[in-house]
Amino acid sequence: MDGQEQSDAYAFADFAAPNAAFVERFLQLFPAFCCLGKRAESAVAVDLGCGPADIPIRLCRAVPRLRVLGVDASAAMIGHAQRAVRAAGLGERVTLREAYLPAELPGPFDAVVSNSLLHHLPDPSVLWDTIASQAAPGAPILVIDLFRPDSQDAARGIVEEYATGEPEVLRHDFFHSLCAAFTPEEVTGQLAAAGLAHLEVHAISDRHLAVWGTR
Ligand SMILES: C[S@@+](CC[C@H](N)C(=O)[O-])C[C@H]1O[C@@H](n2cnc3c(N)ncnc32)[C@H](O)[C@@H]1O
């Protein structure tokens, strides 16, 4: 998603509901993270493939004093993220870094989140190895992504059901994202290979899977 047109279409699309649901799920799974106690002043989460930074902004609003590093490979997307963070008045708490994973990051982090990055990666181990190396012991981890339907026809059906009326560039991306995504069984294998077999993998809708647990 390094082109300006794709980044613009994504950044201007309305992902408020799924992004709010992502943060709600994180807080439900890890309620103690809301009340970080004496670690609150220094807690830093990382959002891998942060896009326009809506999830970092929502996390900061939900968890007082948390700071978030958003990492994304696309300069255009980081531009959108910078504008969103400024508009939210969170420039002191959300830092953005343009980096193509795998990349050196200033971890370990107190939490690792990632939404809709996995299916973009030619090598999925990049995400899991980054999490394994960047999450501090005990750090909450939440990854949500699409999962691949059984057939291209099923993928077309999902696009029709959930993206009717969306710009063609988004419908095109959605279809190809569904086809590029991994099944829950494949993700389970990827986790085992990365030494993260203890993380849970769940289908949470007809097209999304979630991976969660602690480091
Ligand atoms: C579908 S968007 C999701 C954005 C954001 N997480 C959200 O939920 O709104 C995927 C993002 O992953 C980024 N991305 C893809 N490959 C990447 C890589 N290897 N390293 C870092 N970011 C990457 C893209 O630039 C894009 O912004």
Side-chain angles (χ1 to χ4, degrees), residues 1-26 45-62 68-85 87-88 90 94-107 109 111-131 133-134 141-148 155 158-159 162-163 166-167 169-182 190 204-205 207-211:
M1 210 172 262
D2 48 355
Q4 189 71 48
E5 189 197 3
Q6 263 182 316
S7 298
D8 288 353
Y10 193 88
F12 295 133
D14 183 5
F15 291 109
N19 291 349
F22 184 103
V23 172
E24 254 168 55
R25 185 177 295 274
F26 181 87
V46 67
D47 181 356
L48 303 171
C50 66
D54 192 49
I55 287 177
I57 289 168
R58 288 174 187 276
L59 267 179
C60 279
R61 286 182 175 150
V68 182
L69 172 65
V71 178
D72 201 283
S74 157
M77 205 61 103
I78 288 288
H80 284 294
Q82 281 165 339
R83 287 187 285 279
V85 167
L90 286 168
V94 179
T95 306
L96 298 161
R97 176 177 296 201
E98 183 187 333
Y100 186 92
L101 299 170
E104 262 188 45
L105 297 176
F109 295 95
V112 183
V113 299
S114 182
N115 187 46
S116 291
L117 168 65
L118 181 63
H119 70 269
H120 284 273
L121 299 172
D123 175 2
S125 70
V126 164
L127 176 60
W128 308 120
D129 291 346
T130 301
I131 289 174
S133 64
Q134 296 292 327
I141 295 162
L142 176 61
V143 173
I144 294 183
D145 209 292
L146 298 168
F147 68 78
R148 194 174 66 248
I158 289 174
V159 174
Y162 296 104
E166 294 291 348
V169 63
L170 277 187
R171 288 167 55 84
H172 177 269
D173 278 355
F174 188 22
F175 175 74
H176 287 282
S177 292
L178 284 163
C179 295
F182 299 99
Q190 295 163 11
I204 55 169
S205 78
R207 60 203 185 286
H208 292 107
L209 60 78
V211 176

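Heads up: numbering here begins at 1 and tracks the sequence. One-based numbering, in listed order, for ligands and for the atoms of each.
- For atom 20 (N) of ligand 1, the nearest non-hydrogen atom from the set D47, L101, D54 belongs to L101.
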| Can you check side chain to side chain contact (heavy atoms under 4.5 Å, CB included) on F174 and I158, steps first, answer last? | CA-CA 9 Å; F174 188 22; I158 289 174; 3.7 Å; yes
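- Qualifying side-chain hydrogen bond (donor to acceptor under 3.5 Å, both in side chains) partners for T95, counting only residues two or more places apart in sequence or in other chains: none.
- Short contacts between ligand 1 and M77, defined as distances under 4.0 Å to a heavy atom of the residue, involve ligand atoms 27 (O).
- Here A103 has no heavy atoms under 4.0 Å from ligand 1, in either its backbone or its side chain.
- Residue-ligand proximity, A99 to ligand 1, at heavy-atom distances under 4.0 Å covers atoms 20 (N), 21 (C).
- With hydrogens and angles disregarded, no donor-acceptor distance shorter than 3.5 Å links the side chain of Q190 to the backbone of S125.
- Nearest approach of R171 to E166, heavy atoms of both residues: CD-O, 3.4 Å.
- By the 4.5 Å heavy-atom criterion applied to side chains, F22 and V113 are counted as neighbours.
- Residue contact check: S74 has heavy atoms under 4.0 Å from atoms 25 (O) of ligand 1.
- Residue-ligand proximity: S177 is placed with every non-hydrogen atom at 4.0 Å or more from ligand 1.
- For residues 111-131, no residue pair satisfies the salt bridge (charged side-chain N to carboxylate O under 4.0 Å, His left out) rule, not counting sequence neighbours.
- Heavy atoms of V126 found under 4.0 angstrom from ligand 1: none, in either backbone or side chain.
- In this structure, F15 has no heavy atom closer than 4.0 Å to ligand 1.
- Between D72 and ligand 1 there is a heavy-atom distance shorter than 4.0 Å.
- Of the candidates S116, G49, P122, the one placing a heavy atom closest to atom 6 (N) of ligand 1 is G49.
- Because its NZ or CZ atom is both nearer than 6.0 Å to the ring centre of Y162 and within 45° of the ring axis, R207 counts as a cation-pi partner of that residue.
- Side-chain N or O atoms of D72 include none that pairs as donor or acceptor with a backbone N or O of I78 at under 3.5 Å.
- For a threshold of 3.5 Å applied to N or O pairs, the pair formed by L117 and ligand 1 contains no separation below that value.
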